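Okay, so here's the structure we're looking at.
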Protein chains: 2
Amino acid sequence: MKTMSTMLKANDLAVTAQRTAVMEFLHGNTDHPSVDTIYKRVKKRFPYISRATVYNTVKTLTRAGMLQEVLVQQDKTRVDSNVSRHHHFKCVRCGRIEDVPYDILTAKHVSEHARGYHVEEVRVVMEGRCKRCR
Amino acid sequence: MKTMSTMLKANDLAVTAQRTAVMEFLHGNTDHPSVDTIYKRVKKRFPYISRATVYNTVKTLTRAGMLQEVLVQQDKTRVDSNVSRHHHFKCVRCGRIEDVPYDILTAKHVSEHARGYHVEEVRVVMEGRCKRCR
DNA sequence: ATATGGATTAGAATAGTTCTAAACTTAGAA
DNA sequence: TTCTAAGTTTAGAACTATTCTAATCCATAT
Ligand SMILES: [Mn+2]
Ligand SMILES: [Mn+2]
Ligand SMILES: [Zn+2]
Ligand SMILES: [Zn+2]
């Protein structure tokens, strides 16, 4: 298992306390938190961190392939530490966003059914009630 | 074929010059224009219209089922005069948004492949190059 | 014609995000 | 070790999309 600093170095990125703190908060987090949520949580342990740093860090780590940004209907950007290809389920009641396996709708399925389009990416957002909200 | 004023009246909405102008611009338009695009275009013929009116009109007509609002990754709200169920294709080059038939991914398909989720809505955005951009 | 409730308007306010430029690390060279 | 240069952080300003406000206007019913 790679450490935070190993991953940063592999991408020619300086290892800073702020980046490490953001990554540690995100590590294993499946909640798809917003930038503001990350900012507030990291600020507890790191009171002088700036919101701009969280935005910068998310952008930098996304470009490096260490994070993903997820956007769903009428919501702010959510940060996803799961960088594998997958879709999302949004609970219409509590707003929770969950991962859904990619093979529910693959590019292959689309190619078979959508002749005429040259599809490079497919993004699916499903909506309904999550387990907790039913 | 219903006229603009017939549709407005059927929803207990006053027939105003602004609403008529917005609807006429949107009628048959398959471009998914933004509110600002609608505003600028309608303003040419109706110089005193306010941006707030376009926002109000879009919201009102959406609630009445006469329009749909579409949001795709990192983009502003687009207005869709096609209120049938369908998905979207976004050209990564020119930004153009096209309609894609709903049956590429129906709720049925999802239900079969996504056991455990109670899906009420499915939204698919595909990305690639449109005909013009290839 | 008149009244009244809804519609329109300009601009202020808000939310999310990006930009700016000065101050401060980090990492590598000397 | 120092030193340096490039990259990073920071607070706040700026920006963009959208909603709110409250005064004015006007569409419709009487
Ligand atoms: Mn995810
Ligand atoms: Mn459409
Ligand atoms: Zn829920
Ligand atoms: Zn195109």
Side-chain angles (χ1 to χ4, degrees), chain A residues 3-23 25 32-40 42-43 45-64 66-79 95 97, chain B residues 3-23 25 32-43 45-64 66-80 95 97:
Chain A
T3 70
M4 307 298 167
S5 69
T6 305
M7 292 173 79
L8 288 170
K9 282 172 187 163
N11 288 288
D12 282 312
L13 298 171
V15 178
T16 68
Q18 291 89 334
R19 284 176 180 167
T20 303
V22 168
M23 289 176 75
F25 169 63
H32 303 87
S34 66
V35 165
D36 216 59
T37 300
I38 299 170
Y39 169 67
K40 284 181 182 127
V42 170
K43 199 178 173 66
R45 309 224 156 198
F46 208 124
Y48 300 118
I49 196 167
S50 154
R51 218 178 294 265
T53 298
V54 180
Y55 275 104
N56 290 342
T57 300
V58 168
K59 184 177 284 181
T60 301
L61 300 188
T62 295
R63 270 198 289 257
M66 297 161 74
L67 295 177
Q68 243 190 299
E69 291 181 43
V70 174
L71 292 114
V72 302
Q73 199 96 327
Q74 103 252 23
D75 208 345
K76 58 200 126 180
T77 297
R78 306 299 202 95
V79 181
I97 295 177
Chain B
T3 70
M4 306 298 168
S5 70
T6 305
M7 292 173 79
L8 289 169
K9 282 172 187 161
N11 287 289
D12 282 313
L13 297 171
V15 178
T16 68
Q18 291 89 335
R19 282 175 182 167
T20 304
V22 169
M23 290 175 74
F25 169 63
H32 304 86
S34 67
V35 165
D36 216 59
T37 301
I38 299 170
Y39 170 67
K40 284 182 183 128
R41 288 293 257 88
V42 171
K43 200 179 172 67
R45 307 224 156 198
F46 208 126
Y48 301 118
I49 196 166
S50 155
R51 217 179 295 264
T53 297
V54 181
Y55 275 104
N56 290 342
T57 300
V58 167
K59 185 178 284 182
T60 301
L61 301 188
T62 295
R63 272 199 289 256
M66 297 160 73
L67 294 177
Q68 244 189 298
E69 292 180 43
V70 174
L71 290 113
V72 303
Q73 201 95 328
Q74 103 249 25
D75 208 346
K76 56 199 127 181
T77 297
R78 306 298 203 95
V79 182
D80 197 340
I97 296 176

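Model, not experiment: these values are computed from the prediction.
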Could you go over nucleotides 19-27 of chain D and give all protein N or O partners under 3.5 Å, atom names and distances?
from: D:dA27; atom 1: O3'; to: B:Val15; atom 2: O; distance (Å): 3.4

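- Heavy atoms of B:Thr77 sit under 4.0 angstrom from primed sugar atoms or phosphate atoms, though from no base atom.
- Between the CG atom of A:Leu8 and the P atom of D:dT8 there is a distance of 10 Å, rounded to whole Å.
- Note on residues 6-20 of chain A: no pairs pass salt bridge (charged side-chain N to carboxylate O under 4.0 Å, His left out), not counting sequence neighbours.
- Contacts of A:Arg78 classified as salt bridge (charged side-chain N to carboxylate O under 4.0 Å, His left out), with partners at least two apart in sequence or in another chain: A:Asp75.
- Using a 4.5 Å cut-off on side-chain heavy atoms (C-beta onward), A:Val58 and A:Glu69 make contact.
- Annotation: side chain of B:Leu8 is in contact with side chain of B:Met23 (closest heavy-atom distance under 4.5 Å).
- Between B:Ile97 and B:Val72 the shortest side-chain heavy-atom distance falls below 4.5 Å.
- Atom pair A:Arg63:CZ and D:dG7:P shows a separation of 13 Å (rounding to whole Å applied).
- For B:Ala64, the side-chain contact (heavy atoms from CB on, under 4.5 Å) partners are B:Asn11, B:Leu13, B:Met66, not counting sequence neighbours.
- Rounding to whole angstrom units, CG of residue A:Leu61 and P of D:dG7 are separated by 17 Å.
- Using a 4.5 Å cut-off on side-chain heavy atoms (C-beta onward), A:Ile38 and A:Val79 make contact.
- Distance CG (B:Leu71) to P (D:dA17): 13 Å, rounded to an integer number of Å.
- Chain B approaches DNA chain C over the interval C:dA7 to C:dA10, counting the first and last nucleotide 5' to 3' with an atom under 4.0 Å from its heavy atoms.
- Residues that satisfy the salt bridge (charged side-chain N to carboxylate O under 4.0 Å, His left out) test with A:Arg51, not counting sequence neighbours, are A:Asp36.
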